[in-house]
2 protein chains.
Amino acid sequence: MAPPQRPATITDVAALAGVSIATASKALNGRGQVRAETRRRVFQAAEELSFQPNALARSLLTGSTRTMGLLTSDSVGRFGIPVLLGAEDAFGAGEMAVLLCDARGDAIREQHHIRTLLTRRVDGLIVVGESTDPRPSISRDLPVPVVYAYAPSDDPDDVSFVPDDVDGAAQAVRHLVTLGRRRIAHVTGPQHYQAAQDRAAGVTLALEEAGLPMSGGQVLYGVWSQRWGRQAAEVILRADPEVDAVVCGSDQIAAGLVEAARERGRRVPEDLAVVGYDNWEVLSTETRPPLTTVDMNLEVLGRTAAQHLFAALGGRATPGVHRLPCRLVIRESTV
Amino acid sequence: MAPPQRPATITDVAALAGVSIATASKALNGRGQVRAETRRRVFQAAEELSFQPNALARSLLTGSTRTMGLLTSDSVGRFGIPVLLGAEDAFGAGEMAVLLCDARGDAIREQHHIRTLLTRRVDGLIVVGESTDPRPSISRDLPVPVVYAYAPSDDPDDVSFVPDDVDGAAQAVRHLVTLGRRRIAHVTGPQHYQAAQDRAAGVTLALEEAGLPMSGGQVLYGVWSQRWGRQAAEVILRADPEVDAVVCGSDQIAAGLVEAARERGRRVPEDLAVVGYDNWEVLSTETRPPLTTVDMNLEVLGRTAAQHLFAALGGRATPGVHRLPCRLVIRESTV
DNA sequence: AAAATGACCTAAAAGGTTTTCGGAAACGTA
DNA sequence: TACGTTTCCGAAAACCTTTTAGGTCATTTT
């Protein structure tokens with residue numbers, strides 16, 4: 001009863017069931033007219049041989065591999081994973097497989113991966129960036145649809161999905177205003193990041209809506225690190241000792257800021273409310289107190305991108321940059 | 001000069017070059033005898049049509065897809081990524097592709113993924129676990145080789161690669177002993193984790209080597225969180241106020257412990273040296289001071305697993321659980 | 001009884017590549 | 001000229017599946 005060396009083919013099944021391979025195929029796929037009794041025999045034979053249809057042969061014939069390529073440049077980490085999970089969800093369980101390539105930020109490597117993915121005849125491509133800055137399009141002359149997630153393509157004819165950072169940051173400010181905070185500062189990453197600019201724009205917008213000034217008079221740009229958060233705490237407290245809330249451009253910055261503020265005698269959230277960004281759980285739930293933060297809904301973004309790719313396979317694509325809403329997660333760092 | 005609707009096949013290339021498809025194939029693959037002049041013509045034709053050989057057809061014929069499945073249960077996160085990167089490195093650039101599936105800890109889903117991977121005729125499988133606890137084997141009757149990474153298979157005939165946690169923890173202790181520390185405590189995660197047991201065993205072993213007692217008299221088991229690290233700091237300082245070093249079972253625990261110890265007036269590293277575990281950079285480099293920690297070399301582990309899978313494809317497998325060395329990364333939390 | 005219908009099944013083609021084996025030319029040797 | 005060698009190339013098979021276009025037989029209709 002050892003398993004056969006060569007896996008069983010449909011020819012073996014047909015022979016065992018005493019029918020032609022055409023009938024066997026139709027029986028197994030529920031197509032065409034085949035008597036119930038015959039169908040049963042075929043299924044039994046397939047079971048007995050533990051027949052697994054060869055996806056290669058099928059794809060060669062039908063032209064569709066039910067496979068998509070996921071091309072990332074962020075080491076599949078922070079942004080690639082949610083997209084992957086979303087993609088797996090979007091296509092019915094196990095219907096689509098994901099071929100994963102990491103370009104590691106290298107354009108040459110990216111080109112190479114694209115070629116091998118095309119060689120393998122993927123049905124479509126999802127390109128995931130590591131920041132929300134626009135990236136070069138790869139869609140030119142590609143025979144399959146491409147969807148960009150997180151980092152939009154610089155070609156407006158492409159389809160891109162990005163988080164709506166402007167609105168996300170604005171939500172954070174509106175939440176603080178609702179809580180009665182009036183002197184709100186903003187600490188974020190490097191100014192050349194689109195994400196930093198968008199979040200700053202959102203903060204500014206919501207402050208104007210509420211008729212409030214920005215505490216300290218300006219956005220504090222720095223880097224995306226905990227260390228900068230600690231430094232920024234000093235800067236802010238010196239510039240405006242009465243500051244009662246800070247919106248941070250990342251959870252890392254927020255974690256550092258909370259720590260340094262407490263060391264300077266400010267209670268969080270009583271004296272100083274702090275909002276993070278990213279909802280990176282290892283940070284946002286483990287700080288003391290846990291962080292109110294903006295979640296970019298990356299899984300939804302990934303799922304949406306995948307669904308859109310699916311639609312694009314059918315020829316129904318909606319070009320442009322689509323901004324997906326963020327979600328404010330309220331924890332104990334704001335009251 | 002619009003790109004052709006249907007991608008060019010080798011037949012098209014052969015026709016354009018004025019040779020048979022057999023000759024075209026041999027010319028392109030550098031096999032068989034074909035005149036230099038002919039080869040040139042074929043290459044030129046392929047270039048002109050931007051011919052990409054159809055990997056499906058090739059695989060169907062040769063029986064090898066140059067694809068491996070990566071099956072994870074940790075949402076591809078902490079452990080799956082390094083393995084993926086290592087695997088990509090191990091096979092020459094772009095030679096092998098990785099088909100990625102996430103079972104999300106669900107056995108049913110795992111079975112399903114295995115079936116679809118087999119249907120797609122992967123050449124081999126790497127199974128990545130989310131802890132170092134042994135997991136059920138899936139290799140029974142599978143027609144392709146399987147290698148387990150991080151979580152070993154419970155079948156000793158399978159091939160598994162795990163970090164050598166016993167030695168990793170021992171390294172940490174030996175380092176502290178070298179620095180002159182004499183009252184060393186150990187705080188780690190839940191006792192039912194193999195990782196917690198192994199690390200505790202390593203600490204115990206190295207303390208015995210040095211003829212030192214364990215500060216506090218026993219290992220402190222808890223959970224893998226920053227919060228537990230903070231609690232543990234109190235426990236330790238109460239149990240042995242003279243404690244001068246702590247080995248932690250994770251960077252998260254270490255981060256919490258450092259924070260709480262400093263609040264209780266202990267300087268790190270002068271009064272209390274702290275070692276973490278994992279070298280999870282978002283924590284280990286951002287704490288104050290940055291953490292000395294044990295790096296499990298997950299990328300090396302992934303690469304090794306992939307290389308071994310490659311060897312197994314050629315029939316050369318070395319069954320058993322292979323323990324790979326960890327590496328102590330020294331930063332400022334120990335002096 | 002002859003013709004038409006319907007149910008069920010099969011032969012064969014198609015998809016693109018690699019490889020084996022034999023054939024054809026070109027050339028050197030007897 | 002006849003023959004052996006070498007060099008290069010092509011015909012065809014093989015990989016496995018799905019689908020199309022019929023084909024066979026039993027049953028119903030005229």
Side-chain angles (χ1 to χ4, degrees), chain A residues 4-43 45-46 49-67 115-116 118-123 143, chain B residues 4-43 45-46 49-67 115-116 118-123 143:
Chain A
Q5 261 334 55
R6 231 175 21 79
T9 74
I10 199 171
T11 309
D12 304 328
V13 174
L16 183 57
V19 296
S20 73
I21 56 173
T23 304
S25 172
K26 279 184 292 193
L28 291 171
N29 296 306
R31 247 179 286 276
Q33 331 226 47
V34 47
R35 210 173 3 156
E37 155 65 11
T38 311
R39 186 181 306 274
R40 202 191 51 70
R41 279 214 320 280
V42 172
F43 268 101
L49 300 170
S50 56
F51 166 69
Q52 303 258 87
N54 185 325
L56 297 170
R58 173 185 289 157
S59 295
L60 181 56
L61 190 58
T62 64
S64 148
T65 54
R66 303 185 154 288
T67 305
R115 285 189 69 89
T116 70
L118 289 181
T119 282
R120 288 168 186 276
R121 295 296 191 267
V122 293
D123 291 338
Chain B
Q5 265 328 61
R6 232 177 18 82
T9 74
I10 199 171
T11 309
D12 303 328
V13 174
L16 183 57
V19 297
S20 73
I21 56 172
T23 304
S25 172
K26 279 183 292 195
L28 291 170
N29 297 306
R31 246 179 285 278
Q33 331 227 47
V34 43
R35 207 167 13 148
E37 155 63 12
T38 311
R39 187 182 306 274
R40 201 192 51 71
R41 279 214 322 279
V42 172
F43 268 101
L49 299 170
S50 58
F51 167 69
Q52 303 258 87
N54 186 324
L56 297 170
R58 173 184 291 161
S59 296
L60 181 57
L61 188 57
T62 64
S64 148
T65 54
R66 303 186 154 290
T67 305
R115 285 189 68 91
T116 71
L118 289 181
T119 282
R120 287 167 186 276
R121 295 298 191 267
V122 294
D123 290 338

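Throughout, a chain's letter reflects where its sequence line sits, starting with A, and its residues are numbered from 1.
Computed from coordinates, the B:L56 CG to D:dA14 P distance equals 22 Å when rounded to whole Å. Rounded to a whole Å, the CZ atom of B:R41 is 11 Å from the C1' atom of D:dC9. A:I21 places its CD1 atom 8 Å from the C1' atom of D:dC16, with the value rounded to the nearest Å. The distance between atom CZ of A:R39 and atom C1' of C:dC9, rounded to the nearest whole Å, is 13 Å. As rounded to whole Å, 8 Å separates atom C1' of C:dG15 from atom CG of B:N54. Rounded to whole Å, the distance from CG on B:L28 to P on C:dT19 is 13 Å.
Mapped onto DNA chain D by nearest heavy atom, B:R121 and B:L61 fall at different nucleotides, with B:L61 at the one closer to the 5' end. Each of B:Q33 and B:L60 has a nearest nucleotide on DNA chain D; the 5'-most of these lies closest to B:Q33. When each of A:A24 and B:S25 is assigned the nucleotide of DNA chain C with its nearest heavy atom, A:A24 is the one assigned upstream, toward the 5' end.
Listed nucleotides: D:dC9, C:dT17, D:dT18. Nearest to the side chain of A:N29: D:dT18. For A:A22, the listed nucleotide lying nearest its side chain is C:dA12; candidates were C:dG15, C:dA12, D:dT18. Checked against C:dT17, C:dA12, D:dG10, the side chain of B:R58 finds its nearest nucleotide in C:dT17. Closest contact between the side chain of A:R35 and the listed nucleotides C:dC8, D:dC8, C:dG15 involves C:dC8. When distances run from any side-chain atom of A:S20 to the nucleotides C:dG16, D:dG10, C:dA11, the shortest one goes to C:dA11.
Backbone-only engagement by B:T38 is indicated by non-hydrogen atom pairs under 4.0 Å involving sugar-phosphate atoms exclusively. Residue contacts shown for A:T9 are limited to sugar-phosphate atoms, with no base heavy atom under 4.0 Å away.
Contact annotation: side chain of B:K26 to base of C:dT17, donor-acceptor pair absent below 3.5 Å.
Between B:P53 and B:R58, the closest side-chain pair of non-hydrogen atoms falls below 4.5 Å. Between B:L60 and A:N54 the shortest side-chain heavy-atom distance falls below 4.5 Å.
Across all non-hydrogen atoms, the minimal contact from B:T38 to B:T23 is CG2-CG2, 4.1 Å. Between B:F51 and B:T9, the shortest heavy-atom distance links the atoms CE1-C, 3.5 Å.
Phosphate contact (OP1/OP2 of D:dT18, side-chain N/O of A:R31, threshold under 4.0 Å): absent. Taking 4.0 angstrom as the limit, A:T23 places a side-chain polar atom (N or O) nearer than this to OP1 or OP2 of C:dT10.
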Take A:R120 and A:T67 through the test side chain to side chain contact (heavy atoms under 4.5 Å, CB included) and record every step on the way to the result.
CA-CA 9 Å; A:R120 288 168 186 276; A:T67 305; over 6 Å; no

